[in-house]
Each structure stands twice: as C-alpha cells, then as structure tokens.
A.B. asks: 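Sharing a structure below in structure tokens format, with a few things to ask.
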2 protein chains.
Amino acid sequence: MHTTGKDRQQPVAPLRLGAVSEANPHPILESLACITCPARKSDICGGLDDEEIRDLAANSQRIHLNVGETLVWDGDGAQYSYVITRGALRASKTSDDGRRQILDFLFSGQFVGIPSDAAYHFDVEALIDSEVCRFDKRKLEQLMTKYPNVEKGYRTGAARQLEDAYEHAYALGRRTAMERVAAFLLDLRASSCTKTATGVLKLPMTRSDIADFLGLTLETVSRAFSRLKSLGVIRLGSAQEVEIRDPERLKALAGSASI
Amino acid sequence: MHTTGKDRQQPVAPLRLGAVSEANPHPILESLACITCPARKSDICGGLDDEEIRDLAANSQRIHLNVGETLVWDGDGAQYSYVITRGALRASKTSDDGRRQILDFLFSGQFVGIPSDAAYHFDVEALIDSEVCRFDKRKLEQLMTKYPNVEKGYRTGAARQLEDAYEHAYALGRRTAMERVAAFLLDLRASSCTKTATGVLKLPMTRSDIADFLGLTLETVSRAFSRLKSLGVIRLGSAQEVEIRDPERLKALAGSASI
DNA sequence: CGCCATGTTGAAAATATTCAAAGACCGTGG
DNA sequence: CCACGGTCTTTGAATATTTTCAACATGGCG
C-alpha cells in the first residue's frame, strides 16, 4: 500500500478560504484585464463579448496563490467557483490513512467548482504561483440566467470534466505503468502546461504528484521516465524539463487509445 | 495485460440508435406513467409538479431494451439524453485491443447524456431487460429554459456523476483489490440495484463486469468474493445473490474512505 | 558550501494476473 | 422432466508487474 510522503507536509501557512492572500474585486479600470486574460476563451468567459465581460468582471475577484497554498479544502462549503487564469493547480482526494489520488492537474482556462451539494469533496492546491478568478456561486447563477452562453459554457465545462474523468478511469483501470506515463506526457503536451519556445515541457508537479495522479508509486514513475530516456523517446533537461523527441514512439508506448 | 472475453461477444441482434425495439411517444393517457415512474424523483423530473410533468412526457419517448441491447454506441451522435426508469445498464469504454473499462453501472433514476461535444465517447448496454425515457437533446434544452428546475436538475446530475467519477478514480488508483470489492458491494447496497425483501442484493452484472469496473480481473474479483464469504461477511445464494451479513466488517474491509 | 528536498536505481517482497482445470448454473430441446 | 451444452464461476499454481525498502545521486537555495 502506498502512502505519499509529500502530502503530509502542509503549506507553510495554509490559508483557509476567505483568508486568501489577495481577493480584490476587479476594479472597473481593470476589467480590461479580462480582455487580455489567458482564460478569455474559457468555457465560462468564452461566450461573452467584450461588453458583457465587464459585467462578469464586476462579479468576480482575482486571487493570487503562492506555491503550496490551498484554494479549496475538502469539506469546504462550495460558495465559490473559479477559473484558473495563470499557473498550475492540483485537485486531489486524500483518505484519512494518507493515501492520495490526484484527480486532475489544472491549468489556465480551466474551471473549478461543479459541486453536487453544498461542499467540495476534494482539495485544490497551487503547484506554482498561480492566479484564479473567483465567482460567487449565487452571482454565477444569476449570470447564467442573464447570459445563456455562460450557462452553456458551464454545462460544456462540466461535460468535458466528466469525460476527462472517464478517460482517467480507463487509464487507472486498464493501462500499464508505462502506458500511463506515456499517455500522461502526451496529455500534458496538449494542455496549457508551460512549454519553452522549443516545446520543452516545464513540469510544475513532482514525481510524487505524477504518481498520485496515475495510481502508481513515485519510483515506478521515475523508472518509466528513465526508460523513456534510455529509449531516446524523451530527453530530460532537469527532472522537470521534458523534451518529447519522438512523439510517434511515445504514442505507441501509450498503448491503443480507449477508442 | 487483461483482455475481457465477454465484451467481444456482441448482442445477438444489436440495434443501432433509432432502430431500438420500441420508441413510442408517451400517449397523453399514459402521461400518468410519469407520475408513478420510479424515476419520478430523478434529477431531471424531480423538480416539476404533476402538471408540468405532462409537458415533459409529451417530449419524451419510452424505450424498452432487452438484455445485451445497446442504447448508446461510442462515437454515436449525442442526439438524445436518457433517464433510466427500470433495469440496469453499464456504461463502458473499450480500446481497440479489447481492454474494457466500465465507467458506471446505471440503475433506475439515473441520467445518461452529458456530452461535451457532438458524440458520446462510451457505450451503454442493458445488463437486464430495462426501460429508459428518451429526450431529444434539443427539446431538453427548451425544457431547461422553460423549467429552471430541469436545468438545475441537469446540473446537479452532472455534478453528481463527476463526483462519482472522482470517487471511482480514487478506488482505481489507491485501493487494493479487496477494498475495491468491499466498497463496490457497499455502493451497490446504497444504490437502486434490485434487492429482495430481506435485503439480498440481486447482482445484474457478471464477475467479468465487476472486474472491468474495478480495474481487476474476474479471477481476482471471484477470489475476493470467496474470501468475504469465508470470513462470514457475505453469504452467496447463487453467484448473483449476495447477502451482506456484516456491513460494519465490510466497511472496515473497504478501507478508510477517501474522506 | 552544504543542507534538505527531490529524484534515481537496485534488490526483495507483495499483490494481482495469467494460464489451466474443474464445478455450478441456466435455458433449451429431446 | 431430465439430459445436454454452453456460459459463468471458482480454485490452484506459476508468472509478471508493481511496490516496498534501502541506498545513493542530484540540485536548488539559504
């Protein structure tokens, strides 16, 4: 049985919701920020024109998260929803005996906050310094009524997350360790994860995070990386810098897609 | 690597969408059926009063599925959504090399059809003779606009499915075989799965189905059942009839919850 | 420069899978 | 009504994959 070491180590000064470092309403002058926001085309904001987006801006707050800070705690009242505008976060479930399953890595443009009841049932923490846009759930519902496109975006976002979760279930249940790691790297490449100009991936997560996402141990993940390296499929600048040298080969190693 | 035997065996005469055995619009006289429907309190129908439900009935068709019949094919255009009104179905993804992951077992009251794009990315098949209520997606959207409670129910349903998928991911990634089987039986007991008057579970799925749901092989599942039996935690009438004799013990064997 | 986190690698151990065979159950047809 | 055939299930033994335990390497940061 695998118990992570990493997850027991709390962020230096974990801030509970409502006590987040900064939570400033978008000043009217700053509503321009929405126009140039990396999440401008996200599910929630994408359906609105620049005029309407000011309305959204007035009903949201921008929040900065330092590395390790927690945005959402398991059990927290689901008062807010969030759109990631910069950085990288992880959503995870941890059992009381310390086993952790990372449900998703979240990058800019992604949406957090589709609770079925009054509370969240997972944690969300910042892997690196990040920024999110916060919406009061009540106000978001009003916005959804006012702007059908927001409602539709919410629905699309929920559906996509569900499909991602299904794909993840396929990987966890039916793929080998090697296939999981290969598929993970391909997914990362297709995501909003940071890349250098030459396309080198800058992983914001540790081997332990990857292991807890893929249902493996960090050693198994490390061995898979080493194997990929020795096969010449990837190149490792540092442990966090991964260059995919042979995408086709990587696809083959990821095994047949789930159709 | 595990490849199921079961899944290669197509239903005798698989019917493609639109060619389903019966698809009759709810006759006006039959709209009463909605009132007494087992899915009357489901997410979609639950928010409406008996007057409004007639409107829903007029916009839906009742469909009968025989054992093994397929309701949704991976790749199918997502033209319809469904509410299960009777029976048991399985939603699954199968890769082209034959590996199958069952995503969910669906019982009466549950909702199928939250596509992020134009197509479904999983199959849905009947485990036993079943009945579903079919909604044209377009009409469902109109109904959602007309009745905010339907829209809210849809959203709640989507959120619940997402949370189920997350819980499933935790099980697949971090639980042992024994824990998965124990937790599965507890989940079934809490579900709408058929039970006798004395509370004995009537499993509509095979060991192979359970294995493909839990990311195991059928042999491993069978061994876990045998173990539970020898521990006196369950009693097996037949392979499909499971009596949970010691729920507390079963909970302990399911391991600590994911919080 | 050195410490502490993170990452890599090796060997032993555990868990689950694979392969194999036999038993139970169900529906069908004689 | 019972025998038959096929499918599903159970159980055993060998094998494979992944985990666990342990030691060492690396590297970022004070």
Side-chain angles (χ1 to χ4, degrees), chain A residues 1-12 67-68 98-100 127-128 171-181 202-212 214-230 234 236-242 253 255, chain B residues 1-12 66-68 98-100 127-129 171-182 202-212 214-230 234-242 253 255:
Chain A
M1 186 55 38
H2 166 65
T3 303
T4 66
K6 168 91 191 173
D7 46 351
R8 294 294 78 186
Q9 151 214 340
Q10 290 290 333
V12 194
V67 200
R99 284 181 275 176
R100 183 180 68 162
L127 291 167
I128 54 178
L172 291 171
R174 288 292 170 240
R175 293 182 122 121
T176 64
M178 191 58 185
E179 289 174 337
R180 291 182 214 185
V181 171
K202 306 267 283 180
L203 309 189
M205 71 288 285
T206 65
R207 296 287 185 270
S208 169
D209 286 327
I210 298 172
D212 284 352
L214 299 178
L216 302 168
T217 59
L218 65 92
E219 293 95 331
T220 302
V221 171
S222 180
R223 278 184 247 272
F225 271 81
S226 298
R227 188 87 212 294
L228 288 172
K229 194 170 89 170
S230 77
I234 63 171
L236 292 174
S238 69
Q240 323 295 332
E241 291 172 338
V242 181
L253 288 164
Chain B
M1 184 57 39
H2 166 66
T3 303
T4 67
K6 166 89 192 175
D7 46 352
R8 293 294 82 185
Q9 150 213 343
Q10 291 289 333
V12 193
N66 294 315
V67 201
R99 284 181 276 177
R100 181 180 69 161
L127 292 167
I128 53 178
D129 285 10
L172 292 171
R174 288 293 171 239
R175 292 181 121 122
T176 63
M178 190 58 186
E179 289 174 337
R180 290 181 216 186
V181 172
K202 306 268 283 180
L203 309 190
M205 70 289 283
T206 66
R207 297 286 184 270
S208 169
D209 288 327
I210 299 173
D212 283 352
L214 298 178
L216 302 167
T217 59
L218 67 92
E219 293 95 330
T220 301
V221 171
S222 180
R223 278 185 247 273
F225 271 82
S226 299
R227 189 87 212 296
L228 288 172
K229 193 169 90 170
S230 77
I234 64 172
R235 218 169 62 83
L236 292 174
S238 69
Q240 321 296 332
E241 291 172 337
V242 182
L253 287 164

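Below, chains carry the letters A, B, ... as their sequence lines are ordered, and counting in each starts from 1. Quick caveat: nothing in here was measured; it's all calculated off a predicted structure.
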A.B. asks: Not counting sequence neighbours, which residues clear side chain to side chain donor-acceptor pair (under 3.5 Å) with B/Thr220? List them please.
C.D. replies: B/Thr217
A.B. asks: Which pair of heavy atoms, one from A/Val181 and one from A/Ala224, lies closest together, and at what distance?
C.D. replies: CG2-CB, 3.7 Å
A.B. asks: Could I get the full list of side chain to side chain donor-acceptor pair (under 3.5 Å) partners for B/Arg235, not counting sequence neighbours?
C.D. replies: B/Glu243
A.B. asks: Look through every strand shown and name the nucleotide pairing with C/dG2 as Watson-Crick or G-U wobble, where both distances are under 3.5 Å.
C.D. replies: D/dC29
A.B. asks: How long is the line joining CD1 of B/Ile234 and C1' of D/dT10, in whole Å?
C.D. replies: 13 Å
A.B. asks: Over how many whole Å does the gap from A/Leu127 atom CG to C/dA5 atom P extend?
C.D. replies: 19 Å
A.B. asks: Find the distance A/Ile210:CD1 to C/dT6:P and express it as a whole number of Å.
C.D. replies: 13 Å
A.B. asks: How many Å lie between CZ on A/Arg175 and P on C/dT17, as a whole number?
C.D. replies: 17 Å
A.B. asks: Rounded to whole angstrom units, what separation is found between the CZ atom of A/Arg99 and the P atom of D/dT19?
C.D. replies: 13 Å
A.B. asks: Which residues satisfy the side chain to side chain contact (heavy atoms under 4.5 Å, CB included) test with B/Ile128, sequence neighbours excluded?
C.D. replies: B/Ala88, B/Ser130, B/Pro204
A.B. asks: Not counting sequence neighbours, which residues clear side chain to side chain donor-acceptor pair (under 3.5 Å) with A/Gln240? List them please.
C.D. replies: none
A.B. asks: Syn or anti for D/dA16? Use the chi torsion, O4'-C1'-N9-C4 for purines and O4'-C1'-N1-C2 for pyrimidines, with syn inside 90° of 0.
C.D. replies: anti
A.B. asks: With sequence neighbours excluded, what pairs up with A/Ala171 under the side chain to side chain contact (heavy atoms under 4.5 Å, CB included) test?
C.D. replies: A/Arg175
A.B. asks: Between B/Arg180 and B/Leu216, which heavy-atom pair has the shortest distance, and what is it?
C.D. replies: NH1-CD2, 3.8 Å
A.B. asks: Within this structure, what is the CD-to-P distance between B/Glu241 and C/dC26, rounded to whole angstrom?
C.D. replies: 8 Å
A.B. asks: Using whole Å, what does the distance between atom P of nucleotide D/dT17 and atom CZ of A/Arg174 come to?
C.D. replies: 16 Å
A.B. asks: Starting at the 5' end of nucleotides 7-12 of chain C, put B wherever the base has a protein heavy atom under 4.0 Å, S where only the sugar-phosphate does, and a dash everywhere else.
C.D. replies: SBBBB-
A.B. asks: Round to a whole Å and report the spacing from NZ of A/Lys202 to C1' of D/dG28.
C.D. replies: 13 Å
A.B. asks: Base, sugar-phosphate alone, or nothing: which one does B/Gly237 contact when heavy atoms must sit under 4.0 Å apart?
C.D. replies: nothing
